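Here is the structure we will look at.
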Amino acid sequence: MENGPTSGKTSILVIDDEVQIRRFLKISLELQGYSIYEASDAKEGLKQTTMENPKLIILDLGLPDEDGMSVLQSIREWSLVPIIILSVKNDELSIVNALESGADDYLTKPFKMRELLARIHVCLRRNYNESQGSVFRNGELEVNLSNRVVTLQNKPIKLTATEYDLLQAFIRHSGKVLTHQQLLKMVWGAYYSEQTESLRVHIGHLRQKLEKDPKRPKLILTEPGVGYRMEIFT
Amino acid sequence: MRINIDRFEHLRPDPDQLLTLVKKQEQQGLQGKLKIYLGMVAGVGKTYAMLQSAHQLLTNKVDIVIGYVETHGRKDTYTLVQNLPIIPRKKISYKNVMVEEMDIDAVLRRNPKVVLVDELAHTNTPGSRHAKRYQDVLEILENGIDVHTTVNVQHVESRAHTVYEITGIPVSETMPDSMIDRADEIVLIDLAPEQVLERLNAGKIYSQENAAIATQNFFRQGNLTALRNIALRLVSERVDHDLQDYKMMHGIPETWKTRHRLMVAVYASPYSELLISWTRRMAYSIDAPWFGVFVETDEILSQEEQSLLKKNLNLVRQLGGEVVTTKNEDTVQGLLHVAQQNQVTQIVIGKSRRSWWKNLLQGGSFVQRLLKHSGDIDIYVVGGKPIPTQSLERSHQQQKTWLDFKEFFYILSGETLITILCLLGLPWIGYKTVGLFYLLVLNFAALVLKQSSIIFATLLSAVLWNFLFMHPRFTFWISAPDDWMMLIMYLVTALVVGNLTTRLRTKEKFLQLREDRVTALYNLTQKISSSQNIHDCVSSAIEMVENLFHARVGIFLKKEIKNGTMELLPYQAGTLVYDEKELGVANWVARYGKPAGRFTDTLSFSAIYYIPLQTGTKTIGVMGIQVEAHLQLSYGQQLLLENCASQLTLGIERETLHESIRKHQIIMESEKIYNTLLNCVSHELKTPLATIQGCATTLLEPGTIENAYAIRQLAEEINTSSERMNDLIQNFLDMNRLEAKKMKLNLQPCDLNDLFSTLLNHIEPFIKEHPVSLTMQDDLPLLNLDYVLMEQALRNIVHNACLYTPVQTPIEIHASIDSDCIVINIRDHGAGIPGNSPEKVFEKFFRANHNIPGGTGLGLSITKALIELHGGRIKVENHPRGGTQFSIYLHLPNEK
């Protein structure tokens, strides 16, 4: 705690058992103007979360004393602080589990710092601008959320009700990965959680209408084995 | 609504029945089809009809051959045979006569679509594969070849007796009714009796003079009409069954049938055969399942009776019945017990031929008692005469046993001796006492000799006593009335005592035999269940059976050879003498799952009796048993042998399962290691890699370049992580080289003090947190070591101690000489190694505490391997006063 965060900066808590990872994250993120708290195990992590009230948490799934998943779940019981999962496990199941238990995003080790920074930006911005204006802009896409008008390069695009609902779900969580299950529940309701096939079909339709090259999507990206994400263009 | 359902239920066919029907059809789908041309008598034109239809098939390009057709010198038939392909017959020499039989192997090799086989009920010449031709046909069918065949109705087992009763001529060659059931198609060749006679007289059936004899005996108009009746009825019964089957398969409701179950009592008597075929006829006509039950009582069966019993029980099986044997002192109770267990509705028994006094003793005749206790089971009492040929055979055999010269000789010599002694001692003992002496001899004789011999001995002694001792001596006349009385009393007493003693003895022998059987089986079961592998299982079974039957025993087991085919290999042939031919028989048994060889109808030329080792429907091997040529196997022995075989099969099956479980466990174990390795590699490699990439990409971020302090820090992180990765990879390589035994030591004299100081320098960052005390004996000699590797080995231990113990706890290193070794003790003051076996730390990928980040669990296993490579040894223990202590023993260099 000798390197405690200075006031005024956005604080990030890193919960990871590997001292090397913590050290380089601290150096790298401090360079970006964040202040860093460190925790090497679950117990310490939970303690820091309550005491320091960080604006964002980077959580490793493999912790010595407890599973990262249970840390995630206990934080989610009382806090909506954005959590980014950092994991060497690249089995999709644990990632999907984490996302569905309330994690905001994930990265698998090894990763590029730029990606981590982008995720951090998205999570923090969403958190601040949850109730942004009724018009959503992302690159050439413009969506008027109050009258449900979608334009691309200023040309109106006709979307079906389902396609619009899907787009809306992406906008509400723009930049964040959404699992298949989460999307299905948001658009079709709780009882349709099995029909990933129809989800794929509608994503396809949406890409046909919104992407320049639907075969190489740039806006709605596939996260293999996990779900989809809408890329944010600045 | 409910009523409707009930009615529907009622109409639905019995699922079991339907299943048997479907099975029957399935089986027939795989096997060849059997077509039988049935005639009432020879000469109605069965063979002719068969050949004609064969020609029809031949013109339709069906691959059809003649396996065996007898023309009986009939011209028309001969012409038809000419144009069909024929498989050459096999020539077998029997009692110096060459006999021709169908060559079944040639047929199977030729593998045609259809084969023609005349005279289904034919008995093969001894030395053929099967005793009967119908068995050949069954084997051909089993190989998927269709068979067209002919048979006369009198040869059908269940009709043979009726034919005998009508014509008075015993039928010698019979074939089981199951063949009729098995047939897919039956063609009745019907001819009016007048036409048959016409043909006979025209010489179309036999030659003229033979025809004349035939007309007088078999071919009488009355006989022919009766035979025609039997044939028509047989076919109509069969057609009736076909119709029922069809109805059931197609869900056509039929009138409700009561479920009959028939049971027939089987005895060791020729009369029993009659009852069995009667029951089978009855069962078939009412479409009911049936059993043949033999109740084993205390009564001892002679060798002949046993073979007769075996034959009768086989007959039950052949006719499609189920054999049940049970043990009970009382036949009536035994029968009723089985009947109740199997829900029998009708019991078939024969008219009792037991003597009235036996009936009196048991409280009523057999039939009376059965009637009294049978409750609502129907009893059929069937009369009739047995077919004479067999009873003749039997009485002949019985006579043979009456004449036992050996025993007569013993009696003669024994009684002569006692007579001489009595004659010498007569003045002192008196002639009345002589009788008691004779009685004594008889008593002893009864302990060892047969009952018939005892009767002879009794009579002989009575005559001797009378003639030589009673007044007037040397005449058969007896003057005193009390002497008469005495002689009669003597006779009665001697006979009763002799009879009782022999009976007691045989009963004891029987009980002993039964006891032996049970004990043997028990022992075998115990041995097999305690054996550890298939080899032990088989060995103990062989040993047991060899001792039990005084025979040579061998086990053959099926083994999978390349490309999935199974081959029968002698597993433990033991003392069995066998050749190619015997192996062929064993293969046959393994293939068809039926016993063969000696004592059977199949391949009976073999000197060995083979029984299949069967689990469910699969045959896993064969047991061969070779008893001495003059010995026979009794029914009981055969049962015992079968039991032994099934016990062995169970044992083998159990062991096979065990083995596959063991294999599976090994696979699981290696999978576990593989997974651990994978996890370890992915975690341990990716963590430093993530650091390196993270640092590098941070360096690439704009803005970083201005911060020199951050750049330096990031570069340091990259360096540390690279070192960590390098260590890990080095560990893996070392482990690999150690395991492949490719590590070469570069031995040179080393100073331990030097070695430890290098070591401590290497791990400086860690020992900052742990005070290390190093105590060395002063006069330590130089050791021949690989400096680099030994340093690595010891460093792993010290490094681990730093990692796994709380900060600021000391680590003690101590080296001293102990006889011919240098002992290095490295002790920490941590919590010790959890669990009871600290030696586990040397296992690959073992990690005592997964909470400590980093580490693969390889370090200490490498240390151990390295120290052992140096010829030393290492042990680990939890120190009684806390902490873990590693002790390394290294040999001192040889003083020269």
Side-chain angles (χ1 to χ4, degrees), chain A residues 3 12 14-34 36 38-45 58-68 84-92 94-95 106-121, chain B residues 675-676 678-728 765-766 769 802-804 807 847-856:
Chain A
N3 293 327
I12 295 176
V14 177
I15 309 177
D16 196 312
D17 60 332
E18 291 287 346
V19 63
Q20 282 176 300
I21 300 277
R22 291 202 306 270
R23 276 209 305 255
F24 102 79
L25 279 177
K26 184 175 163 68
I27 301 164
S28 303
L29 293 175
E30 275 177 356
L31 276 171
Q32 298 298 321
Y34 297 108
I36 304 300
E38 291 176 48
S40 64
D41 55 36
K43 210 173 119 196
E44 177 77 14
I58 296 173
L59 174 66
D60 184 10
L61 277 186
L63 293 177
D65 52 347
E66 247 179 283
D67 190 8
I84 297 175
I85 298 293
L86 211 53
S87 166
V88 286
K89 294 176 186 167
N90 37 358
D91 66 310
E92 287 74 23
S94 59
I95 291 164
Y106 77 98
L107 266 180
T108 48
K109 293 178 193 170
F111 55 89
K112 294 187 171 64
M113 188 47 72
R114 167 138 302 174
E115 274 183 61
L116 177 63
L117 290 174
R119 302 287 158 93
I120 292 173
H121 280 305
Chain B
N675 279 335
T676 320
L678 209 70
N679 278 339
C680 165
V681 168
S682 70
H683 186 264
E684 287 309 302
L685 278 175
K686 278 192 173 179
T687 300
L689 201 63
T691 313
I692 292 169
Q693 197 183 27
C695 290
T697 48
T698 308
L699 284 169
L700 289 175
E701 282 296 306
T704 311
I705 201 78
E706 286 125 46
N707 192 333
Y709 174 71
I711 292 174
R712 196 184 158 72
Q713 273 189 315
L714 288 167
E716 265 174 22
E717 286 308 321
I718 291 177
N719 187 35
T720 322
S721 293
S722 311
E723 270 174 13
R724 181 169 160 187
M725 265 176 91
N726 186 46
D727 282 352
L728 178 76
F766 296 98
E769 296 169 341
C802 293
L803 284 179
Y804 286 87
V807 175
R847 293 189 63 196
N849 186 351
H850 285 273
N851 299 346
I852 310 289
T856 51

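Small disclaimer: the values here were computed from a predicted structure and weren't measured. Chain A is the first sequence line, chain B the second, and so forth, proteins listed ahead of strands; every chain is numbered from 1.
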Side chain, backbone, both or neither: which part of A:Glu115 has an atom under 4.5 Å from a heavy atom of chain B? neither
Taking B:Ile692, B:Leu699, B:Asn707, B:Thr687 one by one, which has the highest count of heavy-atom pairs under 4.5 Å against chain A? B:Thr687
Region of A:Leu117 that comes under 4.5 Å of a non-hydrogen atom in chain B: side chain
Heavy-atom check, side chain of A:Lys112 versus side chain of B:Leu700, under 4.5 Å: no
How close do B:Ala690 and A:Pro110 get, heavy atom to heavy atom, and via which atoms? CA-CB, 3.5 Å
Donor-acceptor pair, side chain of B:Thr697 and main chain of A:Met113, under 3.5 angstrom: yes
For a quick test of your reading: what N or O donor-acceptor pairs under 3.5 Å do the side chains of residues 711-718 of chain B make, sequence neighbours left out?
from: B:Gln713; atom 1: NE2; to: B:Tyr709; atom 2: OH; distance (Å): 3.0
from: B:Glu717; atom 1: OE1; to: A:Arg23; atom 2: NE; distance (Å): 3.4
from: B:Glu717; atom 1: OE1; to: A:Arg23; atom 2: NH2; distance (Å): 3.4
from: B:Glu717; atom 1: OE2; to: A:Arg23; atom 2: NE; distance (Å): 2.4
from: B:Glu717; atom 1: OE2; to: A:Arg23; atom 2: NH2; distance (Å): 3.3

Who are the side chain to side chain contact (heavy atoms under 4.5 Å, CB included) partners of A:Ala39, not counting sequence neighbours? A:Leu13, A:Ile15, A:Glu44, A:Gln48
Do the charged groups of A:Glu18 and B:Lys686 touch, with an N to O distance under 4.0 Å? no
Show, in sequence, the C-alpha distance, side-chain angles and deciding distance for B:Ser721 and A:Gln20, and conclude whether the side-chain hydrogen bond (donor to acceptor under 3.5 Å, both in side chains) test is met. CA-CA 7 Å; B:Ser721 293; A:Gln20 282 176 300; 2.8 Å; yes
Do you know which of A:Asp16, A:Ile27, A:Leu29 has the most heavy-atom pairs under 4.5 Å to chain B? A:Ile27
For B:Ile705, look at atom CD1 and say whether over 12 heavy atoms of other residues, nucleotides or ligands are found less than 6.0 Å away. no
Contacting region of A:Leu31 [heavy-atom separation from chain B under 4.5 Å]: side chain
